[in-house]
Amino acid sequence: MQIKAPRGTYDILPPDTGKWQHVEAILKETAENFGYREIRTPIFEHTELFERGVGTSTDIVTKEMYTFRDKSSRSLTLRPENTASCARALIEHSIYSGILPAKWYYIGPMFRYDRPQTGRYRQFHQFGVEAFGSNNPYLDAEVIILLVEVLKRLGLNDYELHINSVACPRCREVYRKKLVEHIAPVKDKLCSDCQTRYEQNPLRVLDCKEDACHRAIAGYPTLFEHLCHDCARHYATVKEALKASHIVFQHDDNLVRGLDYYTNTAFEIHIPGIGAQSAVGGGGRYNGLVAECGGPDLPGIGFAMGIERLLLAVDTLAGGEANESKTDVFISIMNDAYEQQALELLTRLRLAGIRAEKDYMGRSGRAQMKYADKLGARLAIIIGEEEIAKGFYTLRDMRGKEQAKIGGQDIINSVKHRLATA
Ligand code: HAM
């Protein structure tokens, strides 16, 4: 038996869990401020959902899905992303016939079989938002403003926001033909991945990380030049709305995104200071996804951010601000005989909302104080022979070390008062 988590997965242990909780609280609060409400979907779905939603020629579907058969021989897949699941939930529960737009956010694990490295895992976590039911370009702007606001609230101000329009299927088809004509003579100079992309989805060649591929296709026609009137107007309005909201962005002709459902606005946000996996988030419109999954013709837009990458950025660039949960009060007993009294007081404190702890390892009085320091306790309550005999507690400030005798009735209020004024 291997005592090691599977490759590309890892445990999140305390005190790191405190950092996760801190970041997750900011993500949730920001989404709620923008009017998004939480959705939780299953960790696995029918494989077909991702094949149809994400696209059969994408890297995710061809190489990266954790697909298995259950005992009834159904093909199921651990979710590699959550947009398709949200579209499925929207259709299944007929949300589309209720009040629109439906604005949802989620936080949870996703699974992709990719080569692990810093910032890239096989089980990773995404925070995402999805808004279904409106094609209003100001909604695109809202979603992008939310993405940027998350980074600001995390203290991450050095980011690069790239945006593009990947067009509607009609103008994209016209463009695709022109791009194929441009690439055909230099096809053999492309990397092997791009040769496959050229056959299956030539736009993805633009997204290749290999310099040689970019050199080979230099001077390629851009999608931007081929936008139809409606797509061009939509894109122009999004850019104007972002400018008016003081969001700094750059138009990027190479940005096509790796999932097939995108239409019109597409965007990615990078934090250059965190290494090779610098994309902390990405998203866009997906006006054909709901229909592709068997629902009505309903537009949508959203994004997802990788929480591991956000934490990496917070740790390396924003001073690793964390919210590690510390003990407020430690109860120290001078004799085993006072275990019951300690447990009762511990419960009273905890029910009053105070983070209280005691020793369970039979430590000596001195060792209990050292342990209290390790837990970060600001106060200690000492229960000894005299305290029991005379009915009071000794309350000690762990920093100044001054002590006071407090009656049993007053102990909760005294602790609260000292914690509030410390
Ligand atoms: P995506 O670009 O595939 O989009 O992933 C979004 C983010 O998830 C990435 O920018 C990255 O931060 C993080 N991520 C992706 N793969 C990994 C990995 N293997 N390890 C760590 N982090 C990773 C989507 O998933 C779309 N569903 C986004 C979306 C929502 N579009 C519209 N709505």
Side-chain angles (χ1 to χ4, degrees), residues 7-10 12 23 27 31 36 39 41 45 49-50 53-55 58-61 63-66 78-90 101-132 139-140 142-144 146-147 150-151 154 156 159-163 166 204 207 255-271 274-290 293 299-314:
R7 187 163 141 78
T9 72
Y10 58 92
I12 311 168
V23 167
L27 298 173
Y36 292 75
I39 175 170
T41 60
E45 298 270 359
L49 174 70
F50 302 115
V54 176
T58 59
D59 285 353
I60 292 181
V61 172
K63 304 184 207 162
E64 297 173 2
M65 293 207 302
Y66 279 92
L78 298 184
R79 60 183 188 189
E81 61 103 52
N82 208 26
T83 311
S85 307
C86 289
R88 195 263 311 133
L90 181 101
K103 292 170 65 175
W104 290 335
Y105 76 88
Y106 50 83
I107 292 183
M110 309 291 155
F111 305 84
R112 294 185 193 176
Y113 187 82
D114 202 347
R115 201 166 42 80
Q117 54 175 268
T118 305
R120 187 159 74 199
Y121 308 94
R122 290 182 174 171
Q123 174 172 338
F124 60 99
H125 298 77
Q126 280 187 346
F127 159 71
V129 307
E130 312 293 349
F132 291 95
L139 182 61
D140 304 30
E142 172 185 291
V143 163
I144 296 173
L146 165 51
L147 174 72
V150 161
L151 294 187
L154 290 170
L156 300 168
Y159 53 80
E160 283 173 14
L161 173 62
H162 293 229
I163 73 170
V166 295
R204 295 269 343 268
D207 193 32
L255 178 67
V256 293
R257 306 277 299 137
L259 301 89
D260 280 355
Y261 48 60
Y262 291 111
T263 56
N264 298 96
T265 316
F267 50 91
E268 258 172 30
I269 201 150
H270 289 257
I271 296 190
I274 58 167
Q277 301 305 315
S278 65
V280 292
R285 265 205 173 274
Y286 41 81
N287 288 352
L289 176 64
V290 177
C293 295
I301 178 161
F303 69 75
M305 305 180 97
I307 302 183
E308 285 80 1
R309 295 186 192 176
L310 285 178
L311 276 156
L312 190 63
V314 170

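Values below: every heavy atom of this structure, side chains too, minus hydrogens, waters and symmetry copies. Numbering of ligands and ligand atoms starts at 1, following listing order.
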**Study point:** Nearest heavy atoms of Pro80 and Met65, plus distance in Å
**Key:** CG-SD, 4.1 Å
Check your understanding: Step by step, would you call Tyr286 with Phe132 a ring pair (Phe, Tyr, Trp, His ring centres under 6.0 Å)?
Key -> CA-CA 9 Å; Tyr286 41 81; Phe132 291 95; 5.7 Å; yes
Review point. Is the count of non-hydrogen atoms from other residues, nucleotides or ligands lying under 6.0 Å from Tyr66 atom OH greater than 12?
Key: yes
Point to revise | Nearest option to atom 16 (N) of ligand 1, as decided by whichever heavy atom of Met110, Arg112, Arg79 sits closest | key: Arg112
Exercise for review: Return yes or no for this condition: an N or O of Phe303 is under 3.5 Å from an N or O of ligand 1.
Suggested key: yes
**Study point:** Of the listed options Ala279, Gly282, Ala131, closest to atom 12 (O) of ligand 1 (non-hydrogen atoms)
**Key:** Ala279
**Study point:** Selection from Gly283, Ser278, Gly119, Ala304 by shortest heavy-atom distance to atom 7 (C) of ligand 1
**Key:** Ala304
Practice item. Show the numbers, then the answer: is there a side chain to side chain contact (heavy atoms under 4.5 Å, CB included) between Leu310 and Leu27? Key: CA-CA 11 Å; Leu310 285 178; Leu27 298 173; 4.1 Å; yes
Point to revise | For atom 1 (P) of ligand 1, the protein heavy atom that lies nearest, with its residue and separation | key: Arg257 NH2, 3.6 Å
Check your understanding: Can you find an N or O of Glu308 that's nearer than 3.5 Å to an N or O of ligand 1?
Key -> no
Point to revise | Option set Tyr113, Tyr262, Phe267, criterion heavy-atom distance to atom 29 (C) of ligand 1, minimum | key: Tyr262
Check your understanding: ligand 1 and Asp114, any nitrogen or oxygen pair closer than 3.5 angstrom?
Key -> no
Review point. How close does the nearest protein non-hydrogen atom get to atom 32 (C) of ligand 1, and which residue and atom is it?
Key: Gly302 O, 3.2 Å
Practice item. Decide yes or no on side chain to side chain contact (heavy atoms under 4.5 Å, CB included) for Leu156 and Val280, but give the supporting numbers first. Key: CA-CA 11 Å; Leu156 300 168; Val280 292; over 6 Å; no
Practice item. May I ask you to list the atoms of ligand 1 that are less than 4.0 angstrom from any heavy atom of Leu259? Key: 3 (O), 4 (O)
Practice item. Determine whether the side chains of Gln117 and Gln277 contain a donor N or O and an acceptor N or O closer than 3.5 Å. Key: yes
Review point. Do Thr265 and Asp140 have a side chain donor and acceptor closer than 3.5 Å?
Key: yes
Review point. Is the shortest distance from a Lys or Arg side-chain nitrogen in Lys103 or Glu142 to a carboxylate oxygen in the other one below 4.0 Å?
Key: yes
Check your understanding: How about Gln123 and Thr9: does a side-chain donor come under 3.5 Å of a side-chain acceptor?
Key -> no
Review point. Quick one: CZ on Phe50 to OG1 on Thr83, what's the gap to the nearest 0.5 Å?
Key: 9.5 Å
Point to revise | Heavy-atom gap Glu268 to ligand 1 smaller than 4.0 Å | key: no
Review point. Do Asn264 and Val166 have side-chain heavy atoms sitting under 4.5 Å apart?
Key: no
Check your understanding: Looking only at distance, does Gly306 have an N or O less than 3.5 Å from an N or O of ligand 1?
Key -> yes
Point to revise | ligand 1 atoms in contact with Tyr286 (distance to a heavy atom under 4.0 Å) | key: 32 (C), 33 (N)
Revision key, fill the gap. of all protein heavy atoms, closest to atom 14 (N) of ligand 1 is Phe124 CE1, 3.5 Å
**Study point:** Polar contact flag for Arg120 and ligand 1 (N/O pairs, less than 3.5 Å)
**Key:** no
Check your understanding: If you measure every N/O of Glu81 against every N/O of ligand 1, is any gap under 3.5 Å?
Key -> yes
Review point. Where's the contact between Glu130 and ligand 1, heavy-atom distance under 4.0 Å: side chain, backbone, both or neither?
Key: side chain
Exercise for review: Classify the side-chain pair Glu130/Tyr105 by whether it contains a donor and acceptor separated by less than 3.5 Å.
Suggested key: no
Review point. Quick one: does Val280 get an N or O within less than 3.5 Å of an N or O on ligand 1?
Key: yes
Revision key, fill the gap. Counting heavy atoms under 4.0 Å, the part of Gln277 that contacts ligand 1 is neither
Check your understanding: If we only count N/O pairs under 3.5 Å, is Gln126 in contact with ligand 1?
Key -> yes
Review point. Looking only at heavy atoms, what is the nearest atom pair of Arg285 and Pro299, with distance?
Key: NH1-CB, 3.8 Å
Point to revise | Matching residue for Ser278 among Glu268, Glu160, His270 - test: side chain to side chain donor-acceptor pair (under 3.5 Å) | key: His270
**Study point:** Taking atom 19 (N) of ligand 1 as the reference point, the nearest protein heavy atom with its distance
**Key:** Tyr121 O, 2.9 Å
Review point. Is there a heavy atom in Gly128 that sits closer than 4.0 Å to ligand 1?
Key: no
**Study point:** Backbone or side-chain N or O of Tyr261 under 3.5 Å from ligand 1 N or O
**Key:** yes
